[in-house]
Amino acid sequence: MNRSYDVLIIGAGLAGVYTALAIDPKYTVCLIAKESVSHSNSMLAQGGIAAELSDDPIRLDSHFHDTLKAGSNLNNPEAVHFLVKNAQDAIASLVSLGIQFDKDEHQRYLLTQEGGHSYRRILHSGGDASGYHATKGLTQQINLHPNIELLEETIALDLLLDASKRVIGASVLIRDADYEPIMAKVTILATGGIGSVYGATTNDLSATGDGIGMAFRAGANIEDMEFVQFHPTALYDESQTERRRFLISEALRGEGAYLINIEKQRFMSKYHPRLEMAPRDIVSQAIYREMYDTWTDHVYLDTRHLDPSYLETRFPTIFNHLQSKHIHMGKDLIPVAPCEHFICGGVAVDLNGETSVKNLYAVGETAHTGVHGANRLASNSLLECVVFGQAAANRINQTLEHIPIPHPVVLAELPNYHYNYKPLRKKIGDYMDEYAGIVRTKEGLSLTRTMLEGLRDSLYKAPNLTRYYYEALNLVETAWLITDHALTREDSVGCHFRIN
Ligand code: SIN
């Protein structure tokens, strides 16, 4: 089948879907989802979307400065300014697309606070189901846009390049059966996060760094991969064998929950004047230290001083999940431990979402816009998806007619084996947790990088036309980039903590 479109978008989380909707309807768009559209990381986002809705210049400035401070000033100030300046338009656009944010009885937005924010400026939806409502709402809009064709259960394998190294689409595998090229004038990577690189993550396990792997193989610049953000409070459950961890939103601390160690003592005052509302890197590192000092593997979130019925209304997803585990919010301590949550680095893009490779864009967590610096400010990621998704779409709408239609290509044949690569995935997760986690050493990182180079060479020698093979390749390449960048940065800053 000859598939040819104006725009190919790889990934159907919030960034991919929003960008698809912002492309001028006169252009054809192919939007591909590795699983179904209801299966993305964006769906799992609990906290909300940060946006300063007041026109008070002090408040606007403070979102800018809070973002820089959380990122240890390694952010690109121009990108942060762009993000903050466009936040109100981003919210207005989401509302115009039917997304509803929680309001009080006077129809004013209910705003919450999370770590690193000086003010309450986080809008939420369905209490603690912001990502679910925003992504689901936008996904429903796709049916109203006949120019967008959605291909589910389709994995992009590799970007296709012409002789001048311009991206002309991607090779894909549809429902593990049809191996085809999709030709496009421009291609947008929106594949989300990298959680499966680690043994424990808050991400959906389909987050295997696909966009970063593909972009790397196509020669794109990849930046700041050492800055992997660990969420301080994933639910700790000793009996759990699954690698995905249930997130306990930082907004819970914003509403008054605090952290105590295994000795039932509060500890954040030792680490930061903002206590539980310190930026996420500081809180995760503090918890790591407490667990180390008390020879244990978790701490607790304490909500016993808060009203259970308020908690049930404000955090229904968390409340119900915990109840299913026989933990009652407002009555019981909640065991928590940090785990992988977000990659602050990624495929380097400019303010229009353009990568260093011609006709290739990246949006959302896959992209490195420079907004997050060394540690992302809470709830800035959904905002980044919308602001930079819109910017990329604007740029594409302005330039698409000057880009020639690529000629169809014939894909090289590939062998097909039933290997599942599970041992390889486990090995990567074990090494990354141990040596590229919250605390890192030169020896551990070097050992891991060398191990990954061995795996990568073996994979390159034995290509295999399956989703599992390409996911394994993307995991190895993403993990390699993290360790390589972490070795290069010898000092400690933000989420990157080196003890030697
Ligand atoms: C959370 O709700 O704690 C996560 C939100 C985010 O990652 O910004």
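In listed order, ligands and their atoms are each counted from 1. Just the heavy atoms: all of them, side chains too, but no hydrogens, waters or symmetry mates, feed the values below.
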Per-atom contacts, ligand 1 versus Ser379 - under 4.0 Å to a heavy atom = 6 (C), 8 (O)

Test side chain to side chain contact (heavy atoms under 4.5 Å, CB included) applied to Ser125 - qualifying residues, sequence neighbours left out | Phe101, Ser130, His133

Identify, with sequence neighbours excluded, every residue that meets side chain to side chain donor-acceptor pair (under 3.5 Å) alongside Thr202.
-> His341

Which one of Thr296, Asn261, Ile262 satisfies the side-chain contact (heavy atoms from CB on, under 4.5 Å) criterion with Glu290?
-> Asn261

Taking both backbone and side-chain atoms of Glu250, is any N or O found less than 3.5 Å from an N or O belonging to ligand 1?
-> yes

Only one of Arg120, Arg280, Arg376 passes salt bridge (Lys or Arg N to Asp or Glu O under 4.0 Å) with Glu114, and that residue is Arg280

Beyond-backbone contact of Pro335 with Asp237, side-chain heavy atoms, under 4.5 angstrom = no

Which atoms of ligand 1 sit under 4.0 Å from any heavy atom of Glu114?
-> 1 (C), 2 (O), 3 (O), 5 (C)

Name the option, out of His124, Arg280, Arg376, that contains the heavy atom nearest to atom 4 (C) of ligand 1.
-> Arg280

Which atoms of ligand 1 have any heavy atom of Ser249 under 4.0 Å away?
-> 1 (C), 2 (O), 3 (O)

Identify whether the distance between the nearest side-chain nitrogen and carboxylate oxygen of Lys34 and Glu471 falls below 4.0 Å.
-> yes

So the atoms of ligand 1 within less than 4.0 Å of a heavy atom of Ala378 turn out to be 8 (O)

For ligand 1, find out whether one of its N or O atoms is nearer than 3.5 Å to an N or O atom of Gly47.
-> yes

Atom NZ of Lys426 with >12 non-hydrogen neighbours under 6.0 angstrom | no

State the atoms of ligand 1, each with its element, that fall below the 4.0 Å cut-off from a heavy-atom position in His231.
-> 1 (C), 3 (O), 4 (C)

Quick note on ligand 1: atoms under 4.0 Å from a heavy atom of His341 include exactly 4 (C), 6 (C), 7 (O)

Is there a nitrogen or oxygen of Ser381 sitting under 3.5 Å from a nitrogen or oxygen of ligand 1?
-> no

